[in-house]
Every structure is written in C-alpha cells, then in structure tokens.
Number of protein chains: 2
Amino acid sequence: MEYDQLKLDQQICFPVYAASRLITKAYQPLLENLGLTYPQYLVLMVLWETDSLSVNGIAERLILNTNTITPLLKRMEAHGLLERQRSSEDERRVIIKLTDKGTELRHKAAEVPIRLMEGFSGSDLSQNEITALKETLLKMIELLK
Amino acid sequence: MEYDQLKLDQQICFPVYAASRLITKAYQPLLENLGLTYPQYLVLMVLWETDSLSVNGIAERLILNTNTITPLLKRMEAHGLLERQRSSEDERRVIIKLTDKGTELRHKAAEVPIRLMEGFSGSDLSQNEITALKETLLKMIELLK
DNA sequence: TATGAATATATCGTGCACGATAAAAAAAGT
DNA sequence: ACTTTTTTTATCGTGCACGATATATTCATA
C-alpha cells in the first residue's frame with residue numbers, strides 16, 4: 001500500500017509545529033532577562049495594547065483555552081505583573097489589569113522582537129517571504145478556528 | 001515611545017504559534033480513534049519510514065529534546081506500540097523498534113492526513129500557498145536550529 | 001416570575017516540552 | 001594504559017495546553 005501521505009517530509013503540520021517551538025526557544029533567552037516565559041510575553045503584548053480585558057477576551061485574542069489562561073494569569077499575578085478583579089457589572093467575568101511593574105516592562109520588551117528578527121536578516125529569508133508566510137498562516141488559522 | 005513592534009498583529013511568531021496549536025487540535029479527533037496523541041503520531045510517522053532508530057535519531061528527526069522523547073517513548077511502549085532496547089553495540093544508545101501493533105496502525109493512519117487536508121480544500125488556501133508556506137517554514141527552521 | 005439555556009471562570013487530570021543536572025559508556029588525547 | 005572529553009539517555013522541576021467537568025452568574029423564554 002502507498003503511504004507517501006504519511007511521510008514526515010510530506011506534512012505541512014510538522015514544519016509548523018517545529019518552527020513554532022524553535023521560535024519559542026529563540027525567544028527564551030531574550031525573555032528570561034525580563035523574567036518572562038513566552039506565553040506570559042504574549043499575554044503582556046495583548047494587555048499593553050488593550051488594558052482591562054476579561055479572561056475570555058485574552059483567551060480569544062491568543063486563541064487559547066480559558067483553562068490555559070487562568071493559571072497563566074495567576075502566576076503572572078503572583079509575580080506582580082497584573083491584578084485580577086471580579087467584575088462588579090457581570091460577576092462571571094474577571095478583569096485583568098496591568099500593575100505598574102507590568103506596564104514598565106513594555107519599555108524593556110521593546111527590543112525583544114527586534115533582536116529576534118536580527119536572526120533572520122542577512123539570511124536568504126526575504127521580507128516578502130515572511131510577509132507571505134504570515135498571510136497564509138492567518139488564512140489557515142481562520143479555517144481552523 | 002513607539003511600540004509598534006510589540007503589537008500582536010505585527011508578530012510572525014504568534015501566527016506560527018497559533019496555527020501549530022490549531023493544527024494539533026484538528027488532528028486530535030482523528031488520532032483519538034487510533035488511541036494516539038499528536039506527538040505519538042509524529043513518532044510513529046518517523047518509525048514507519050525508518051524502523052530501529054535510536055532515541056537521539058528520533059529526537060533529531062522531530063527536532064525535539066531527548067528528555068521529551070524518552071518519556072513519550074515509554075508511554076508508547078506501555079501501550080504496546082514499540083519496544084525500547086539498549087544497544088549491545090553501544091550501550092549508551094536505546095534502539096526503538098515497532099511492535100506488530102505499532103506497524104499495523106500505519107494502515108489505519110493512512111487516511112488521517114487526507115482527512116486533515118480535506119478541511120483546506122475548497123477554501124481560498126491554494127496548494128501553491130501551502131507549498132510556499134512549507135518552503136519558507138523549512139528555511140526558518142534551518143535558521144533557528 | 002420561574003425555568004431553561006448560555007456564558008464565564010475554575011478545577012482536575014493528563015500529556016507534552018524544555019532547562020538543568022546526573023550517570024554511564026564510548027571516543028579522544030596524552 | 002590512563003585520563004579527559006564527548007555522547008547518550010534518564011531524572012527532576014516547572015510551565016504550559018487541552019479535554020472534561022463543575023459552579024456561579026446572566027440572559028432568554030414561557
């Protein structure tokens with residue numbers, strides 16, 4: 001029987017999976033200086049743009065399950081980066097607000113993506129390819145959501 | 001101060017991360033029928049192509065740490081999918097061999113990638129885009145390894 | 001006004017995934 | 001032949017990530 005479709009090199013899923021982990025790995029030393037993990041950094045990027053979001057709002061933005069977000073936010077709260085407050089308007093909701101410490105990290109984090117992209121410049125990965133990659137991934141994400 | 005480079009929509013890392021998890025999620029119901037998790041399925045794809053690999057050989061193929069692979073293989077051995085054997089030629093190495101059960105799963109798994117790709121056909125994601133995506137990801141992987 | 005449906009968060013359990021470290025075996029160097 | 005270095009796997013600890021389930025609150029319906 002033919003099994004070509006089961007060959008690892010024939011998969012699209014595997015390079016996405018491998019690239020994702022390698023990117024996270026590449027971020028790790030840069031984020032370690034800020035006392036952050038990669039998922040924590042993603043949460044902060046969301047909150048730096050839009051403070052006072054609900055747990056569900058952050059989960060939707062990051063396309064993560066709320067049962068992943070809740071423990072993540074609790075750890076960040078323990079680190080003094082944000083505060084969790086039950087909404088008085090709708091008691092089902094928990095509103096997440098940055099602390100001064102969480103806000104101030106934004107300044108230090110500003111160079112992180114620049115440093116990360118430095119690893120790609122000067123390579124044979126063109127800006128056009130990166131742009132096209134992102135657009136195709138966004139289409140794929142829409143299909144899979 | 002300008003923080004555009006910290007906007008989530010400006011990142012290439014986030015769509016890769018999100019797409020990876022959504023792809024894994026999409027596989028989950030298909031693999032559940034076979035009693036497999038996604039990482040276990042990746043291991044089997046490697047072994048179906050080349051049996052009798054070392055732990056390190058599988059780790060290299062999947063670009064995973066050996067301390068991720070070892071517990072994964074132990075769980076698969078517990079499920080009777082493979083056997084782990086210390087090499088007599090080099091006792092540092094553990095050789096992984098498929099059992100009959102592990103080999104037979106290949107037949108059932110043959111339709112998994114086909115079913116997964118069905119979700120993309122008929123969409124506005126062309127085959128050319130998927131091919132280009134894969135090539136760019138492979139370049140990125142080479143840079144990050 | 002009461003009931004059922006929907007929504008939001010939290011907990012539990014399990015499976016990864018990786019940094020750090022340890023131990024054993026093989027290879028390299030003197 | 002002995003010592004040092006390198007390689008391979010394993011363990012520990014921690015941080016996710018998700019399926020399933022539970023609880024509380026709000027919304028929709030009768």
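We name chains A, B, ... by the order of the sequence lines, and we start the count at 1 in each one.
- Side-chain contact between B:Ile12 and A:Met117 is present, with heavy atoms from C-beta onward closer than 4.5 Å.
- Heavy atoms from other residues, nucleotides or ligands lying under 6.0 Å from CG of A:Asp4 number more than 12.
- Within residues 72-85 of chain B, the residues having any heavy atom closer than 4.0 Å to DNA chain C are, in order of number, B:Leu72, B:Arg75.
- Legend: ring-ring contact (aromatic ring centres under 6.0 Å, His included) pairs involving residues 102-136 of chain B, not counting sequence neighbours: none detected.
- The distance from atom OH of B:Tyr27 to atom C1' of D:dA17 is 19 Å, rounded to the nearest whole Å.
- The distance from atom CZ of A:Arg86 to atom C1' of C:dA10 is 8 Å, rounded to the nearest whole Å.
- Within residues 35-48 of chain A, the residues having any heavy atom under 4.0 Å from DNA chain D are, by residue number, A:Thr37, A:Pro39, A:Gln40.
- Contact annotation: the side chain of B:Leu62 approaches that of A:Leu8 to within less than 4.5 Å [non-hydrogen atoms, C-beta and beyond].
- Between the CG atom of B:Asn56 and the P atom of C:dA26 there is a distance of 16 Å, given to the nearest Å.
- Annotation: side chain of B:Ile96 is not in contact with side chain of B:Leu53 (no heavy-atom distance under 4.5 Å).
- Remark: side-chain polar atoms of A:Trp48 are paired, donor with acceptor, to backbone N or O of A:Gly102 under 3.5 angstrom.
- Applying the 6.0 Å contact sphere to CG of A:Asp100 captures no more than 12 heavy atoms from other residues, nucleotides or ligands.
- With sequence neighbours excluded, the residues that form a side-chain contact (heavy atoms from CB on, under 4.5 Å) with B:Asp9 are A:Arg61.
- Nucleic acid contact class of A:Thr66 (heavy atoms, under 4.0 Å, all strands): base.
- Remark on DNA chain D: of its neighbouring residues B:Val55 and A:Arg92, the 5'-side contact belongs to B:Val55, judged by nearest-heavy-atom nucleotide.
- Residues satisfying the salt bridge (charged side-chain N to carboxylate O under 4.0 Å, His left out) test with A:Lys139, not counting sequence neighbours, are B:Glu129.
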Show me the protein contacts with nucleotides 3-5 of chain C, counting only N or O atoms at under 3.5 Å.
none

Show me the protein contacts with nucleotides 18-20 of chain C, counting only N or O atoms at under 3.5 Å.
unit_1	atom_1	unit_2	atom_2	d
C:dC18	OP1	A:Arg21	NH1	3.1
C:dC18	OP2	B:Asn65	N	3.4
C:dG19	OP2	B:Asn65	ND2	3.4
C:dG19	N7	B:Asn67	ND2	3.1
C:dG19	O6	B:Asn67	ND2	2.3
C:dA20	N6	B:Asn67	ND2	3.0

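- In terms of position on DNA chain C, the residue among A:Ser54 and A:Tyr17 whose nearest nucleotide sits closer to the 5' end is A:Ser54.
- Between the C1' atom of D:dA17 and the CD1 atom of A:Ile58 lies a distance of 16 Å, rounded to the nearest Å.
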Strand DNA chain D as a dot-bracket string - pairs counted if Watson-Crick or G-U with both distances under 3.5 Å, | where the partner lies in another strand: ||||||||||||||||||||||||||||||
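- Screening residues 19-44 of chain A for ring-ring contact (aromatic ring centres under 6.0 Å, His included) gives A:Tyr27-A:Tyr38, A:Tyr27-A:Tyr41, A:Tyr38-B:Tyr17 as the qualifying pairs, with residues at least two apart or on separate chains.
- For A:Leu31 and D:dG15, the CG to C1' distance is 14 Å, given to the nearest whole Å.
- If you check every strand for non-hydrogen atoms under 4.0 Å, B:Thr24 touches nothing.
- A:Gln40 places a side-chain N or O within 3.5 Å of a backbone atom of A:Thr37 that can act as its donor or acceptor partner.
- When rounded to the nearest whole Å, the span between CD of A:Glu89 and P of C:dT9 equals 14 Å.
- Between the CD1 atom of A:Ile95 and the P atom of C:dA8 there is a distance of 11 Å, rounded to whole Å.
- The closest donor-acceptor contact from the side chain of B:Thr70 to the backbone of B:Thr66 lies under 3.5 Å.
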Hey, can you pull the donor-acceptor pairs under 3.5 Å for the side chains in residues 79-88 of chain A, sequence neighbours left out?
unit_1	atom_1	unit_2	atom_2	d
A:His79	ND1	A:Arg75	O	2.9
A:Arg86	NH1	A:Glu91	O	3.2
A:Arg86	NH1	A:Arg92	O	3.1
A:Ser87	OG	A:Glu89	N	3.2
A:Ser87	OG	A:Asp90	N	3.3

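- B:Ala110 and A:Gln5 make their closest contact through O-NE2, 2.8 Å (heavy atoms, listed as atom of the first residue, atom of the second, distance).
- Summarising the geometry, the separation between CZ on B:Arg93 and P on D:dA10 is reported as 13 Å, rounded to the nearest angstrom.
- Under the side-chain contact (heavy atoms from CB on, under 4.5 Å) criterion, B:Leu34 pairs with B:Leu36, B:Leu105, B:Lys108, B:Ala109, B:Val112, not counting sequence neighbours.
- If you chain together hydrophobic residues whose side chains sit under 4.5 Å apart, A:Leu143 and A:Leu137 fall into the same group.
- Partners of B:Ala18 according to the side-chain contact (heavy atoms from CB on, under 4.5 Å) rule, which considers only residues two or more places apart in sequence or in another chain, are A:Ile63, A:Ile141, B:Phe14, B:Arg21.
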